Amino acid sequence: MGDFLLHLQDNTKPLKPYWNLCVGSCHATTALREDYRKQLARCQRDLGFRYVRFHGLFDDDMSVLTKTHKAGDKSDTYTISFTNIDSIYDFLLSIHMKPFIELGFMPECLRTKDTTVFHYKGNTSRPSSYEVWDWLIETFAEHLIARYGRDEVRQWFFEVWNEPNLGGPDSPHGFWSDTMEEYFNLYEHTARTLKRVDHRLRVGGPATSNNAWIPEFTEFCRKNDVPVDFISTHHYPTDVILGYGVEDSLNFFSPKAGETQEEFEQRQEEWFRNLWVHVDRGVLTQMTKKAVREAQGLPVYYTEWNSLAGLPSDGPFGASFILKTIMDGAGLTEGYSYWTFTDIFEEGGMPSKAFHGGFGLLTLQGIPKAAYRAFELLARLGDEVYEHSFSEGTVDVYAVKKKESTSIQFLAVNHHSLLHDIREETVTITLEGLPGEGKAEIERLDETHGNALRVWKEMGEPEYLNQSQIAALESASYTYTEPLALEQDAGCVSFDLTLPPMGAALISIYY
């Protein structure tokens, strides 16, 4: 048992909701789906997301750039259509959101290689003509300004490509089948073109996985006077173990002398099964601090992050991971973009099970996971966080002042990495300096609160849900506030809080 003592007048600092700046989703064409749009509108309404980011804006399934050959004409003719993009962006603005624009992948008519990524085969090669690429970017930017207005588009973000550090020259895997230097060339062309259209359009990169290439990228931009308004990168807690962005992960495992292929595969499977043994609690915060130092004063945006933990991410582990990561990282970056808001997601083909460890906060059917409820708790927080917090063992308690409701909030989280020891914990929380008596309520998020995954398992893990099952799971996903008894003595209140493993609770004390 631990004790956390807080005085009402203790020092606070601003708590900016950087966690709802943006949210990720699957490739662009999914944003034309009705169910996608309904779910995104719900996320915006409940969780306050302000931007959305997705891959594949220029993929051929968006019909942006096509190439034809005119009879008797030696020159190639390119045709541009922004019809599908307009439909998406019109919708985003209608629900009070904006695009965080990821520029990519390569239109087939501009490809230099046949390297692709994912089920939808986004092309990962550099352009065959930078003259045509520059024209595409320029025409795109001019179109956006003409349609939505200069002041509006200046609020958007333009991010060049996605995770170019994963892949390499002629690699059949990854997102960029070329070199770091060639990515910098692509970035320079794109950034200079955007700035020619409007010098106040915001452009950044390197959009890498695992916080990679930040020093190299900032140095390149500085030495060559290349425009850059922000640093963007991604991270997942297993990145530092797998070596993504640090070394060739495909060669991370190699057969031992005399080892058969079957023995090698068994050893590899066992290693990945125990991967989380090597993942430190709070590792993303460690990564963020390093990335911010390397950004040399430029604003940092994490345009992808997630626990990447499979099925546990759909339950209390995923929720407690989000809450701890967000609260520990407050004040470090300008924005975080959770990957993703929905499991309407077909990088490996469209899934079928409601709960399968997908990236989304919502299932295919729109059922909120525990992770969704974690973002709801965050959305209820005030805008001043106390500098004094509590951390002991696997428990963290963060105190927040919410002036509009004259309350003090305690967000308590009992979290550890997977495959590590964690148990039920109790902490005593005392708040001093109240002007009178206080009243309190508690909202829990754990194995038996706000956890539709548990009920789905009790159903027998059905692959396809009927409407009755969807309704039952939706009901099981909710959290509820309950009165909390306080011990009171002359402006001082206290209570004992017990948290199960991977459990969280939001306590509000009104005075």
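The structure presented is a predicted model; accordingly, all values stated were derived computationally and were not measured.
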Open item on the list: Checking Asn165 against Ser209: is there a side-chain donor and acceptor pair closer than 3.5 Å?
Closed with: yes

TODO: Output yes when Arg267 and Glu259 qualify as a salt bridge under the 4.0 Å nitrogen-oxygen rule, no when they do not.
DONE: yes

Task: Nearest-0.5 Å distance that lies between atom CG in Leu506 and atom CD1 in Ile442 - done: 8.5 Å

- [ ] State, with a plain yes or no, whether a side-chain heavy atom of Phe321 is found less than 4.5 Å away from one of His416.
- [x] no

TODO: Could you tell me the separation between the CG atom of Asp239 and the CG atom of Asn210, rounded to the nearest 0.5 Å?
DONE: 4.0 Å

- [ ] Determine yes or no for a side-chain-to-main-chain donor-acceptor pair under 3.5 angstrom, with Asp314 supplying the side chain and Phe355 the backbone.
- [x] no

- [ ] Specify whether His415 and Phe317 have parallel, tilted or perpendicular ring planes, treating 30° as the upper limit for parallel and 60° as the lower limit for perpendicular.
- [x] tilted

Task: N/O donor-acceptor pair under 3.5 Å between Thr325 side chain and Ile322 backbone - done: no

- [ ] Drop me the distance from Asp421's CG to Thr394's OG1, to the nearest 0.5 angstrom.
- [x] 10.0 Å

Task: Between Glu441 and Tyr510, a side-chain donor and acceptor under 3.5 Å - done: yes

TODO: Ignoring hydrogens and angles, state whether a donor on the side chain of His7 or Asp10 is under 3.5 Å from an acceptor on the partner side chain.
DONE: no

Open item on the list: For a quick check under 3.5 Å, do Ser232 and Glu159 share a side-chain donor-acceptor pair by atom type?
Closed with: yes

Task: Heavy-atom neighbours of His420 NE2 exceed 12 at 6.0 Å - done: yes

Task: Polar contact flag, side-chain donor to acceptor under 3.5 angstrom, His119-Glu347 - done: no

Task: Side chain Thr29, main chain Asp61, donor-acceptor under 3.5 Å - done: no

TODO: Kindly check if the number of other-residue, nucleotide or ligand heavy atoms within 6.0 Å of CD (Glu461) is above 12?
DONE: yes

Open item on the list: Test ring pair (Phe, Tyr, Trp, His ring centres under 6.0 Å) on Phe118 and Phe175; report intermediate values, then the result.
Closed with: CA-CA 9 Å; Phe118 296 139; Phe175 295 96; 5.4 Å; yes

Open item on the list: For Thr115 and Thr124, which I'm curious about, is there any donor-acceptor pair between the side chains at under 3.5 Å?
Closed with: yes

Open item on the list: Side chains of His234 and Glu163 only: does a donor on one sit below 3.5 Å from an acceptor on the other?
Closed with: yes

Task: CD/Glu458: more than 12 non-hydrogen atoms of other groups inside 6.0 Å - done: yes

Open item on the list: Run the ring pair (Phe, Tyr, Trp, His ring centres under 6.0 Å) test on Trp176 and Phe105 for me, step by step, so that the C-alpha distance in whole Å, both residues' side-chain angles and the decisive distance to 0.1 Å come before the verdict.
Closed with: CA-CA 9 Å; Trp176 180 242; Phe105 295 108; 9.8 Å; no

TODO: Please report the closest heavy-atom contact between Trp276 and Ser417, naming both atoms and the distance.
DONE: CE3-CB, 3.8 Å

Task: Short side-chain to backbone donor-acceptor contact, Asn466 and Gln469, under 3.5 Å - done: yes

Open item on the list: Are there over 12 heavy-atom neighbours, none belonging to Lys98, within less than 6.0 Å of that residue's NZ?
Closed with: yes

Task: Considering all heavy atoms, the nearest Ala309-Leu418 contact - done: CB-CD1, 3.8 Å

Task: Whether Lys402 side chain and Arg380 backbone form a donor-acceptor pair below 3.5 Å - done: yes

Open item on the list: Test of understanding: with salt bridge (charged side-chain N to carboxylate O under 4.0 Å, His left out), list the residues that count as partners of Arg373, not counting sequence neighbours.
Closed with: Glu376

TODO: Spell out, as yes or no, whether a donor-acceptor pair under 3.5 Å connects the side chain of Glu263 to the backbone of Thr260.
DONE: yes

Task: Side-chain donor or acceptor of Arg37 paired with backbone N/O of Ala31 under 3.5 Å - done: yes

- [ ] Examine the side chains of Thr481 and Glu443 and answer whether a donor and an acceptor come within less than 3.5 Å of each other.
- [x] no

Open item on the list: Tell me if the centroids of the rings in Phe158 and Phe100 come within less than 6.0 Å of each other.
Closed with: no

TODO: Give a yes or no on this: more than 12 heavy atoms of other residues, nucleotides or ligands lie within 6.0 Å of atom CD of Glu387.
DONE: yes

Open item on the list: Salt bridge check, Glu384 against Lys13: does any charged N sit closer than 4.0 Å to a carboxylate O?
Closed with: no

- [ ] Answer yes or no: is there a donor N or O on one side and an acceptor on the other, between the side chain of His388 and the main chain of Leu5, under 3.5 Å?
- [x] yes

- [ ] Determine whether the aromatic ring centres of Phe54 and His27 lie less than 6.0 Å apart.
- [x] no

Task: Distance-minimising heavy-atom pair for Thr340 and Val23 - done: C-CG2, 4.2 Å

TODO: Check whether any side-chain N or O of Lys16 sits under 3.5 Å from a backbone N or O of Asp383 as a donor-acceptor pair, and report yes or no.
DONE: no

Open item on the list: Between the side chains of Arg42 and Glu474, is the shortest nitrogen-to-carboxylate-oxygen separation below 4.0 Å, so that they form an ion pair?
Closed with: yes

Task: Any side-chain donor near an acceptor of the partner, Tyr302 and Asn211, under 3.5 Å - done: yes

Open item on the list: In terms of relative ring orientation, are Trp213 and Tyr183 parallel, tilted or perpendicular, with 30° and 60° separating the classes?
Closed with: tilted

- [ ] Give a yes-or-no answer on whether the side chains of Glu463 and Ser352 include a donor-acceptor pair shorter than 3.5 Å.
- [x] yes

Open item on the list: Between Tyr36 and Phe341, does the ring pair (Phe, Tyr, Trp, His ring centres under 6.0 Å) criterion hold? Intermediate values first, please.
Closed with: CA-CA 9 Å; Tyr36 171 109; Phe341 79 88; 5.0 Å; yes

- [ ] Verify, without hydrogens or angle tests, whether Arg33 (side chain) and Ile344 (backbone) share a donor-acceptor contact under 3.5 angstrom.
- [x] no

TODO: Hey, could you give me each pair passing side-chain hydrogen bond (donor to acceptor under 3.5 Å, both in side chains) that has a residue in residues 281-293? Not counting sequence neighbours.
DONE: Arg281-Asp396, Lys290-Glu294

Task: Donor + acceptor pair across side chains of Thr116, Asn123 (<3.5 Å) - done: no

TODO: Give a yes or no on whether Glu424 atom CD has more than 12 heavy-atom contacts from other residues, nucleotides or ligands under 6.0 Å away.
DONE: yes

Open item on the list: Once rounded to the nearest 0.5 Å, what's the spacing between atom CD1 of Ile326 and atom CG of Leu411?
Closed with: 11.0 Å

Side-chain donor-acceptor pairs under 3.5 Å in residues 327-336, sequence neighbours left out?
residue : atom : partner : partner atom : Å
Asp328  : OD1  : Tyr398  : OH           : 2.7
Asp328  : OD2  : Lys324  : NZ           : 2.6
Tyr336  : OH   : His235  : NE2          : 2.7

TODO: Supply the atom-to-atom distance Leu473 CG to Trp456 CH2, rounded to the nearest 0.5 angstrom.
DONE: 9.5 Å

Open item on the list: Applying ring pair (Phe, Tyr, Trp, His ring centres under 6.0 Å) to Tyr338 and Trp305, what does each step give before you reach the verdict?
Closed with: CA-CA 5 Å; Tyr338 189 80; Trp305 74 283; 5.1 Å; yes

- [ ] Could you tell me whether the side chains of Thr426 and Thr498 share a donor-acceptor contact shorter than 3.5 Å?
- [x] yes

- [ ] Report the distance from atom CG of Asn162 to atom CG of Leu57, rounding to the nearest 0.5 Å.
- [x] 12.5 Å

